[in-house]
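Chain identifiers are assigned alphabetically (A, B, ...) following the order of the sequence lines, protein sequences preceding nucleic acid strands; residue numbering begins at 1 within each chain.
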Amino acid sequence: MAGGGRTINVLNVAEKPSVAKAVAAILSRNQGLRVRDGRSRYNKIFEFDYAIRGQPCHMLMTSVTGHLMELDFEDRYRKWHSCDPADLYQAPVRKIVPEDKMDIKRTLDEEARRCQWLVLWLDCDREGENIAFEVIEVCRAVNHHLVLRRARFSALIDREIHQAVQNLVDPNQWFADAVDARQEIDLRIGASFTRFQTMLLKDRFCIDSATDDRNLVLSYGPCQFPTLGFIVERYWEIQAHEPEEFWTINFTHRSDESIATFNWMRGHLFDYTCAVIIYEMCVQEPTATVTKVRQQEKLKYPPYPLSTIELEKRASRFFRMSSEQTMKVAEDLYQSGFISYPRTETDCFSVRTDLHAMVQEQQGHPVWGSYALRLLDPGTGLWRNPSGGGHDDKAHPPIHPTKFSSGESRWSQDHHRLYELVVRHFLACVSQPAVGAETTVEIDVAGELFSASGRVILARNYLDVYRFESWGGSVIPSYAVGQQFIPTTLTLDSGVTRPPPLLSEADLLSCMDKAGIGTDATMHDHIKKLLDRFYATKDANTRFSPTNLGEALVMGYDDMGYELWKPNLRSTMEYDMKEVSIGNKSKAEVLANCLQQMKACFLDARVNKVKLLEAMAIFFERSNADEHHAAGEIVRQCGNCLESNMVLRKNRDGNFMVGCMAFPQCRNAVWLPGSVSEAIVTSNICNSCNPGPVYLIQFKFRRHEIPPGFDVNHLGCIGGCDETLRQLIEICGTGSRNPAGGRGATTTSNNVRQSDTRQRACIYCQQTGHSSGDCPSQFSGSRNAHSHGTNLQSGESSIPCTSCGTPCVLRTANTANNRGRKFYSCQSQECNFFLWEDDINNGTRGRSIPRGSASNPGRRGGRGRGGQTGGRGADTTFVSATGDPLSGRRCYVCGDPSHFANACPNRGT
DNA sequence: GCAAGGTC
C-alpha cells in the first residue's frame with residue numbers, strides 16, 4: 001500500500017449499526033463526519049475522510065444487521081410433502097438474501113459500485129467471519145474489482161480501532177467454512193426430523209396442548225432437544241426418588257453469651273440401630289471436650305463483570321424475570337444508550353477501560369450515588385481493580401452502564417430493575433470483598449465428633465451496594481481447647497432424603513452453558529421455543545417441567561436407545577467446527593461425515609418409530625386417523641380386551657414381544673424367548689389355537705443361546721399350543737425388563753397415564769396373563785432355575801431370584817420405618833437382589849441394590865441418571881471421622897469384631 | 001409448517 005496518490009472510495013461494513021457509528025466516530029475523531037440514510041431505515045451511512053497507511057480514503061461506513069443471508073432448500077424441496085424427509089440429507093441447498101434484508105443488500109449494491117475497497121468490520125468471531133463472506137458475495141456481484149480487506153479489533157476503543165485499520169488483513173475462510181458446515185447440518189437434521197415426527201405423530205394422537213392443531217409442529221433441533229432433555233432428565237430423577245429415612249445426632253450448648261448448635265461430623269446415618277447405639281453412648285458419657293478451635297478470616301468476593309448468561313441467570317434469580325424478557329429489556333436499554341452491548345461472553349474488563357469515569361457517572365444517583373462517591377475516595381480503600389472470570393469473546397466488553405439515569409419516565413419496572421442490576425453489579429465488581437471472621441469449634445463426645453461455627457462480619461464492602469446478595473453472621477460462645485462442658489440438649493433426630501428440585505431457569509442456562517448448547521445470544525430463544533412448542537412449562541418459581549408431549553418425545557427416542565435428546569451431538573458438532581476453523585479438517589469432510597451418520601440415525605429412527613408411537617400412547621389418546629396405521633404386524637385378535645389386535649414388536653434391547661395395540665389401556669402381552677434373533681409374522685394360520693386366526697411366526701434363534709436339540713429356525717405359534725416355544729421361554733427367559741422406575745407412575749394429568757391399571761406380571765416367568773400362584777413354569781420339572789442349588793431349610797419360604805436364579809430367603813426387616821415388614825433377599829454373595837414381600841402383590845419385580853450400601857434396600861434406578869440426588873451424603877460405614885475403625889467395638893448383632901452392625905450379614909433376620 | 005445463528 002503505497003502512500004499518497006488519488007483518493008479512493010472505501011466501503012466499510014460493520015455487523016450492526018452501533019458498531020458502524022462508533023467506528024466512524026473514532027476514525028473521524030468526529031471531524032467532518034456526515035450521516036445519511038441508506039435504503040434500510042436502521043442502517044445509516046457515515047462518511048468521512050481518512051488516510052490508511054498514507055493512502056487518502058473517502059470512507060463510507062455502513063452496517064448489516066447480523067446475517068445477510070439464509071440457508072434453505074431449493075424450492076422443490078421446501079413443501080413438506082414434496083419429498084421423503086430422508087432426501088433432505090442430500091437435497092440441494094442455497095443461500096439467499098431474505099426479503100426483509102433486501103433493503104440492506106440494495107444499499108450495499110449501490111455503495112459498492114462506486115468503491116475501490118471493501119473493508120469488513122464484522123465481529124471477530126466465526127459468525128462474524130461468515131457474515132463477512134456474505135457481504136463479500138453481495139458486493140463482489142456488482143463490483144468484481146473490489147479489493148477485500150478485514151479489520152480485526154477486539155473492542156471499540158480508539159487505539160484498537162486505529163490499529164485495526166492500519167493493519168488490515170485477509171478474511172478467514174476457515175472460520176466462515178465452520179459456520180457454513182454448522183448451518184447446513186442444523187438445517188438438514190432439523191428439517192428432516194421435524195417433518196418426520198410431526199407427520200408421524202400429529203394426526204395419530206389427540207394432542208390436547210395445542211389450541212389449533214393444524215398449526216402444531218413437533219419440531220426437532222440440535223439445541224432445543226438437548227435443552228428439553230435437561231428438563232426431562234431432572235423430572236425423571238425426581239420421579240425416581242424414593243425418600244429414605246436417616247438419623248442424625250444434634251447437640252446444642254447454651255452459655256451466658258449465646259447458643260451454639262453442633263453438627264454431627266458423620267452427617268447422618270441411614271441405619272437407625274447404628275444411630276441409636278451411638279446416641280446412647282453419647283447419652284451415657286455426655287461430657288464434651290473441645291478438641292479444636294480454629295479462627296480464620298474469610299472473604300466473600302464480589303461477582304465477576306457481567307456476561308449475558310450471568311445477566312439472565314441473575315435477573316431470573318433476583319427478579320424472576322424470564323431470560324427472554326431480560327434480553328428484550330436489555331436490548332431496549334442498549335438501543336437507548338444506557339447499557340453496553342448486551343450479548344457478550346466477556347467477563348473481564350480490558351486494562352484500557354476507564355473504570356473510574358464510569359463510576360463517576362453514577363455519583364449523582366439518589367440511591368447508590370453516595371456509594372459511588374465512597375468508591376472514588378482513595379481514603380476509604382473501597383476500590384479494587386476487578387478480577388475476571390477468564391472469558392473473552394474478543395468482540396464486546398462485559399455489560400456495564402454507559403449512561404447515567406436516575407430512571408426514565410417511559411421505563412417499565414423491568415427496565416428499572418435491569419438498569420439497577422447492571423449498575424450495582426458494575427459498582428460491586430470494582431469494590432473490595434466483604435470480610436468476615438469465622439470461628440470453627442470441634443468437640444468430642446464419647447468418641448463422636450461434632451462441630452459448630454460462627455461468623456462475625458468485619459466489613460461489608462461490596463455488599464453495601466450489591467443488595468441482591470447477603471452473608472449472614474452468627475455468634476457462638478467462646479471456647480478453648482481442652483475445655484469441657486455438658487450439652488444443653490442432645491437429641492436423635494430423623495429426616496428423609498429429598499429429591500432434587502425441578503430445574504430453574506438459572507439452572508437450565510447453566511446446563512446449556514456447560515454443555516455448549518446455543519450461544520449467549522440464542523439460549524433464551526431455545527428456552528422460549530420449548531414453551532412455544534408445548535414441550536415444557538414454567539411455574540411461578542421459574543422452574544421447568546416437561547409436558548406430556550415433551551416427555552413422550554424424549555422417552556420415544558430414549559427407548560430407541562438414541563441420545564438425540566442429549567447434548568453429545570451438539571458437542572461433537574462444536575468440536576468438528578473448531579477443527580474446520582483451524583484448518584485441521586475441511587468443511588466438505590465434516591459435512592459428509594456428520595450427514596452420513598445423521599442420515600443413518602434418521603433411517604434407523606424411522607425403522608424404530610414404534611417406540612415413539614408407544615411413548616406417545618402412554619400420554620395421549622389415539623385419534624381415529626390412527627386406525628390405518630398398525631404399528632407392527634398383526635398376530636391375532638387380543639383375547640384380553642377383545643377390541644384390538646396383538647402385534648409383533650421388537651424392543652430397544654432387541655427382544656421380541658407380541659403386544660396389544662390398545663396399550664396402555666390394555667397391557668396384554670406375550671414375551672418371546674430372549675434367544676430370538678429374528679421374527680416375522682407369516683400368513684400361515686395355526687390349526688389348533690382359538691379364537692383364530694392366530695398367525696404363525698417364523699423365528700430364528702441364536703445358536704449359542706439355545707440348548708442342543710433345538711433348531712435355530714422355528715415356525716411357532718404364540719396361541720399356547722407351541723411346546724417348543726414354551727420350553728425355550730423357560731430355558732432362555734424372556735426379553736422383558738423391569739419397567740424403569742420414575743416415569744409415568746406418579747404424576748397426574750388429564751391424559752391417559754395408567755399406572756394403576758398396569759397388568760401384573762408373574763414373578764417367576766415375568767409373563768402377564770397369570771399370577772405367580774398358577775405359573776406353568778412352576779411345574780415343569782428339572783429345567784427350573786429355582787429348583788436347584790438351594791440350601792433352604794424345609795418349611796422356609798423362598799422364591800427364585802429374578803436377577804440370578806439363586807433362591808431368595810424371606811427375612812423380617814428391623815429398621816425404624818419398616819420394622820416387621822417381610823422381604824426376600826438373594827442368598828448369592830454376588831447378587832444384591834431385594835424384594836419386599838408386599839410388593840410382590842403390587843406387581844413389583846424387585847431390584848438389585850448396589851454393594852456397599854447395606855442399609856439402602858429401597859433405592860430404585862429409574863431413568864434419572866447422574867447428577868446429585870438430595871440428601872444422601874454420608875454412607876453408613878462404621879468408622880470414626882478420622883477414618884479409623886472405632887477400636888474395641890464389635891457388631892452388636894453377632895458380636896463379630898471384623899465388622900459392625902451396618903455390614904452384618906445377619907442383620908434383619 | 002422445519003434449524004440455529006446473527007440482529008432491529
Ion pair check, [X] and [Y], cut-off under 4.0 Å:
{"X": "A/Arg343", "Y": "A/Glu331", "answer": "yes"}
{"X": "A/Glu574", "Y": "A/Lys578", "answer": "no"}
{"X": "A/Asp532", "Y": "A/Lys529", "answer": "no"}

Q. Less than 3.5 Å between a donor and an acceptor, one on the side chain of A/Thr65 and one on the base of B/dC8, is that the case here?
A. yes
Q.
Taking the minimum atom-to-atom distance to the side chain of A/Thr198, which one of B/dG1, B/dC8, B/dC2 wins?
A. B/dG1
Q.
Among B/dA4, B/dG1, B/dG5, which nucleotide has an atom closest to any side-chain atom of A/Pro222?
A. B/dA4
Under 4.0 Å from any atom of DNA chain B, heavy atoms only: list the residues of [range] that qualify, in numerical order.
{"range": "residues 576-588 of chain A", "value": "none"}
{"range": "residues 16-25 of chain A", "value": "A/Lys16, A/Pro17"}
{"range": "residues 503-530 of chain A", "value": "A/Gly518, A/Thr519, A/Ala521, A/Thr522, A/His526, A/Lys529"}
{"range": "residues 80-91 of chain A", "value": "A/Trp80, A/His81"}
{"range": "residues 171-188 of chain A", "value": "A/Arg182, A/Gln183, A/Asp186, A/Leu187"}

Does a side-chain N or O from [X] land closer than 4.0 Å to OP1 or OP2 of [N], or not?
{"X": "A/Arg570", "N": "B/dA3", "result": "no"}
{"X": "A/Arg533", "N": "B/dG1", "result": "no"}
{"X": "A/Tyr77", "N": "B/dC2", "result": "no"}

**Q.** Contacts of type side-chain hydrogen bond (donor to acceptor under 3.5 Å, both in side chains), residue A/Asn130, not counting sequence neighbours
**A.** A/Lys95, A/Asp180
